[in-house]
Amino acid sequence: MNIETLRWRGDMLEMIDQRILPARFEYLSYSSAAEVAEGIHSMVVRGAPAIGCAAAYGVALEALRLNAESPAAFREELNVGIAVLAASRPTAVNLFWALERMRRVWAGMEGAVPKAIAERLLQEAHEIKSEDIRINRAMGSHGAALLKDGARVLTHCNAGALATAGWGTALGVMRSAVEAGKKVSVIADETRPFLQGARLTAWEMVQENIPVTLITDNMSGYLMSKGEVDAVVVGTDRVAANGDVANKIGTYMVAVLARRHGIPFYVACPLSTIDRSIESGSQIPIEERASEEVTGFRDCQWAAPGVSIRNPAFDVTPAELVTGLITEKGVILSPNSEKIAELFSS
Ligand code: MRU
């Protein structure tokens with residue numbers, strides 16, 4: 001099944017509503033930057049590369065919406081739209097990477113009329129989307145080579161087709177391994193509190209007939225201690241220049257357990273997710289989300305009323321716990337600042 005997380009239809013962006021999967025499979029339509037920003041914030045679309053693609057389309061939609069304005073009004077209002085998109089979620093650096101790329105394209109069109117700029121920005125958004133799939137395919141084949149035939153691979157959150165323009169980063173590695181003829185099976189952490197593992201990873205793997213077993217987040221240590229996990233592969237929202245990795249809350253716990261049990265811990269990471277402007281993971285902004293995500297799910301609230309809540313949506317795994325970063329340019333084992341700098345200069 002070819003999952004199209006985002007698609008362009010007529011003059012609108014459509015995105016799968018990931019909040020209601022797997023109960024219902026529906027697309028929602030978007031026609032402005034503010035609407036797309038709300039779609040990102042409310043997690044209709046989520047996952048770092050998918051957020052980047054959505055933001056790029058958000059800029060293009062806004063430019064199209066404003067293209068009958070005077071050049072001065074167009075410039076002013078498009079900048080507001082970009083700022084609204086930038087404020088939608090703080091951790092995934094792909095959001096800022098995509099906005100910067102769109103800005104550079106715009107800056108290169110000095111003197112062009114708004115209509116021409118809007119058309120060019122739409123073309124760039126299409127390019128970001130198709131490039132993402134190509135990059136995921138490349139990461140997939142580098143990562144698949146790391147998995148032995150029969151590997152039981154644990155993953156956390158959803159770093160699949162739904163988190164990208166298609167194929168996926170961590171789940172792209174599993175897909176590529178299966179495509180290469182390896183029998184791999186996936187162990188999906190449920191991923192409290194938003195349940196991306198139970199709802200999205202499990203759904204994607206079931207659609208593809210890739211064997212998948214769902215566990216709650218507190219079961220991974222037990223399975224590792226029983227020798228039932230051969231490797232961990234996760235995605236990431238931002239990697240610092242020294243190789244520290246921000247990913248869905250709970251990833252750090254999995255990395256510590258993997259090290260304790262001598263299990264390789266791999267991070268599938270497109271270059272657009274590496275933020276070389278920050279030295280270490282301590283500088284990565286961690287999103288805190290609404291307390292209702294922790295006190296219950298949808299209409300069912302189970303926590304004691306009045307209790308205080310923390311809901312950091314991401315954590316940081318220090319580079320020393322990362323066996324390898326799987327990038328589109330190849331695998332960097334034991335990542336550090338020097339190896340990451342070299343990756344960008346090669
Ligand atoms: O809060 P989410 O669902 O956007 O978090 C997503 C993750 O943490 C993913 O693992 C990460 O973005 C990598 S997606 C290829």
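In each ligand, atom 1 is the first atom listed, and ligand 1 is the first ligand listed.
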### Task
Could you tell me whether some N/O pair between Ala163 and ligand 1 is separated by less than 3.5 angstrom?
no
For residues [X] and [Y], is any side-chain donor paired with an opposing acceptor at under 3.5 Å?
X: Gln301; Y: Thr295; answer: yes
X: Arg46; Y: Asn158; answer: yes
X: Arg103; Y: Asn79; answer: yes

Which of the numbered atoms in ligand 1 are under 4.0 angstrom from any heavy atom belonging to Gln196?
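Within the 4.0 Å cut-off of Gln196, ligand 1 contributes 1 (O), 2 (P), 3 (O).
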**From Lys148, Lys182, Lys183, residue fulfilling salt bridge (Lys or Arg N to Asp or Glu O under 4.0 Å) relative to Asp230** =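 The residue from Lys148, Lys182, Lys183 that satisfies salt bridge (Lys or Arg N to Asp or Glu O under 4.0 Å) with Asp230 turns out to be Lys148.
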For this session: Using the salt bridge (charged side-chain N to carboxylate O under 4.0 Å, His left out) rule, collect all pairs that involve residues 303-328, keeping only residues at least two apart or in two chains.
Result: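 Of all non-adjacent pairs touching residues 303-328, those that pass salt bridge (charged side-chain N to carboxylate O under 4.0 Å, His left out) are Glu288-Arg310.
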Which segment of [X] sits under 4.0 Å of ligand 1 when only heavy atoms are counted:
X: Cys157; result: side chain
X: Thr236; result: backbone
X: Phe314; result: side chain
X: Ala92; result: neither
X: Lys248; result: both
X: Arg89; result: side chain

task: Could you find the nearest protein heavy atom to atom 7 (C) of ligand 1 and give me its residue, atom name and distance?
output: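 Answer, as residue, atom name and distance: Asp237 OD1, 3.2 Å.
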The protein heavy atom nearest to atom 9 (C) of ligand 1 is Asn247 OD1, 3.4 Å
